[in-house]
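Okay, so here's the structure we're looking at.
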2 protein chains.
Amino acid sequence: MLNVVALLKEKSLTVTPQRVEIVTLLSTHQHINVDELYALLYASFPSVSLATVYKNINIMLKKLLLSEVQIPNKKNVYEIMKAEHSHVVCLECNEILDLTINTSELLEAAELQSGFSIDTSSLIFCGTCASCTKS
Amino acid sequence: MLNVVALLKEKSLTVTPQRVEIVTLLSTHQHINVDELYALLYASFPSVSLATVYKNINIMLKKLLLSEVQIPNKKNVYEIMKAEHSHVVCLECNEILDLTINTSELLEAAELQSGFSIDTSSLIFCGTCASCTKS
DNA sequence: CTCTGTGCAAAGCGTTTGCAAACGA
DNA sequence: TCGTTTGCAAACGCTTTGCACAGAG
């Protein structure tokens, strides 16, 4: 169980009830988009504003508390920052899974091939999950 | 040199001067975003509309004449469809290079790990190019 | 008490849509 | 000629902004 208040303080963010709930929701829904987050947050704070959600996502991205996952043709989703990993998305049911695929060798190959010095990489697979394949 | 008219016909697209110029521009600018494409197109067709650019990009994506590259925090760029490959982007000067990195082993690993059947993958590296590193 | 965050409404930006006229085959 | 494309303007959806008030430290 994540200590949300400690995490906010660690990232130098003022602790507000809205923020605590946002981070709690993110920790219980591994990948969530802005609208889903707003809808869930609304259950606890019926007066909450979408602007608050956006402002908080942006500041948490800047503080590296969150990371953003861009999925082709879908809304961006957000997850609590953790070790680098890749994602696989089901195009039918939108399920998203983390994958522990090591991209470090690829990264070296990419640096060699391009002459760039590379900071970040993003790897995402799109397809159909096991249960959608069956049906 | 690409035969643009033949390519349009092959993809069952009506040949119009605007389309010919759009595909020609795409073939001479490997990675280009909507605004850049519009600006270049405007040089030949001062009456052209942004809507025409969008409509054509969308239909060419659907016909698999083009593919879209999503770069974190930047505008999408478009390229003429070719064999699957990955990209590296310089965050300072926005240069984009194609990389011939083989993701097929990764794809198998991803299928195994997730139980998904995977159709497409996207791999993008962000960093700094050689000349921006020097300066 | 001071500074930051929240909620609201409006603005901003990129993209899509509907329609009439122009054009391709 | 008939069906498609173009250009225009309006609409749309998502995100950001400015401001006054409320809340955190």
Side-chain angles (χ1 to χ4, degrees), chain A residues 4-26 32-63 65-78 94, chain B residues 4-26 32-63 65-78 94:
Chain A
V4 173
V5 173
L7 181 57
L8 287 170
K9 288 182 175 168
E10 183 193 319
K11 300 291 182 179
S12 313
L13 288 170
T14 306
V15 176
T16 68
Q18 290 91 334
R19 279 186 184 162
V20 171
E21 184 65 9
I22 286 172
V23 178
T24 302
L25 288 168
L26 281 156
I32 188 170
N33 70 35
V34 169
D35 293 339
E36 292 163 347
L37 183 55
Y38 174 70
L40 291 167
L41 192 57
Y42 185 87
S44 314
F45 300 89
S47 68
V48 79
S49 149
L50 243 188
T52 298
V53 175
Y54 279 107
K55 285 171 184 169
N56 278 300
I57 284 177
N58 285 333
I59 196 170
M60 290 176 190
L61 287 172
K62 202 182 313 178
K63 299 277 190 178
L65 194 161
L66 295 186
S67 65
E68 186 178 68
V69 185
Q70 290 189 13
I71 303 166
N73 308 314
K74 304 209 183 291
K75 294 182 182 172
N76 292 347
V77 298
Y78 299 89
N94 293 324
Chain B
V4 173
V5 172
L7 180 57
L8 287 170
K9 287 182 176 168
E10 182 194 322
K11 299 292 180 178
S12 312
L13 289 170
T14 307
V15 176
T16 68
Q18 290 91 334
R19 279 186 183 162
V20 171
E21 183 65 9
I22 286 171
V23 178
T24 301
L25 288 168
L26 281 156
I32 188 169
N33 70 35
V34 169
D35 294 339
E36 292 162 348
L37 183 55
Y38 174 69
L40 290 168
L41 193 57
Y42 186 87
S44 313
F45 299 90
S47 69
V48 80
S49 149
L50 244 188
T52 298
V53 176
Y54 279 106
K55 285 171 185 169
N56 278 299
I57 284 177
N58 285 334
I59 195 171
M60 291 177 190
L61 286 172
K62 202 181 315 177
K63 299 279 190 175
L65 194 162
L66 295 186
S67 64
E68 185 177 68
V69 185
Q70 289 189 16
I71 303 165
N73 308 314
K74 304 208 182 293
K75 295 181 181 170
N76 292 348
V77 298
Y78 300 88
N94 294 324

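Numbers restart at 1 for each chain; the letters A, B, ... are given by sequence-line order, proteins then strands.
As judged by a 4.0 angstrom heavy-atom cut-off over every strand, B/T52 is placed among the base-contacting residues. Contacts of B/N56 with the nucleic acid, taken as non-hydrogen atoms under 4.0 Å apart, involve only primed sugar atoms and P, OP1 or OP2.
Nearer the 5' end of DNA chain C, as judged by each residue's closest nucleotide, is the contact made by A/I59, out of A/I59 and B/N76. Mapping B/V48 and A/N58 onto DNA chain D by nearest heavy atom places B/V48 at the nucleotide closer to the 5' end.
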Name every donor-acceptor pair, under 3.5 Å, that has one atom in a side chain of residues 32-47 of chain A and the other anywhere in the protein, sequence neighbours excluded.
| residue | atom | partner | partner atom | Å |
| --- | --- | --- | --- | --- |
| A/N33 | OD1 | A/D35 | N | 3.0 |
| A/N33 | OD1 | A/E36 | N | 2.8 |
| A/D35 | OD2 | A/K75 | NZ | 2.5 |
| A/E36 | OE1 | A/N33 | N | 3.0 |
| A/S44 | OG | A/E21 | OE2 | 3.2 |

Distance-only criterion, 3.5 Å: show the donor-acceptor pairs between side-chain atoms of residues 65-74 of chain A and protein atoms not counting sequence neighbours.
| residue | atom | partner | partner atom | Å |
| --- | --- | --- | --- | --- |
| A/S67 | OG | A/E79 | OE2 | 3.4 |
| A/E68 | OE2 | A/N76 | ND2 | 3.4 |
| A/E68 | OE2 | A/Y78 | OH | 2.9 |
| A/K74 | NZ | A/N94 | OD1 | 2.9 |

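What separates CG of B/N73 from P of C/dG14 is a distance of 14 Å, to the nearest Å. Atom CG of A/L61 is separated from atom C1' of D/dT16 by 14 Å (rounded to the nearest Å). The separation between A/F45 atom CZ and C/dG7 atom C1' is 13 Å, rounded to whole Å. Across the protein-nucleic acid pair, A/L50 atom CG and D/dC14 atom P stand 10 Å apart, rounded to whole Å. Taking atom CZ on B/R19 and atom P on D/dT5, their separation rounds to 4 Å, with Å as the unit. The CE atom of B/M60 sits 8 Å away from the P atom of D/dT6 (whole-angstrom rounding). Rounding to whole angstrom units, CG of residue A/N33 and P of D/dG13 are separated by 16 Å. Between B/Y38 atom OH and C/dG14 atom P the separation is 13 Å, expressed in whole Å.
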Which atoms of nucleotides 19-25 of chain D (N or O only) lie under 3.5 Å from a protein N or O atom, and what are those distances?
| residue | atom | partner | partner atom | Å |
| --- | --- | --- | --- | --- |
| D/dA24 | O3' | A/V15 | O | 3.3 |
| D/dG25 | OP1 | A/V15 | N | 3.3 |

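Residue pairs meeting the salt bridge (Lys or Arg N to Asp or Glu O under 4.0 Å) criterion with at least one member in residues 37-59 of chain A, sequence neighbours excluded, do not occur. A salt bridge (Lys or Arg N to Asp or Glu O under 4.0 Å) check over residues 43-53 of chain B, counting only residues at least two apart or in different chains, returns nothing.
The side chain of B/Q18 contributes no N or O atom lying less than 4.0 Å from OP1 or OP2 of C/dC23.
Scored by the side chain to side chain contact (heavy atoms under 4.5 Å, CB included) test, A/K9 finds A/V5, A/V15 as partners (sequence neighbours excluded).
At a threshold of 4.5 Å between non-hydrogen side-chain atoms, the residues A/V23 and A/K11 do not count as touching. In this structure, the side chains of A/Q18 and A/V53 stay at 4.5 Å or more apart for every pair of heavy atoms.
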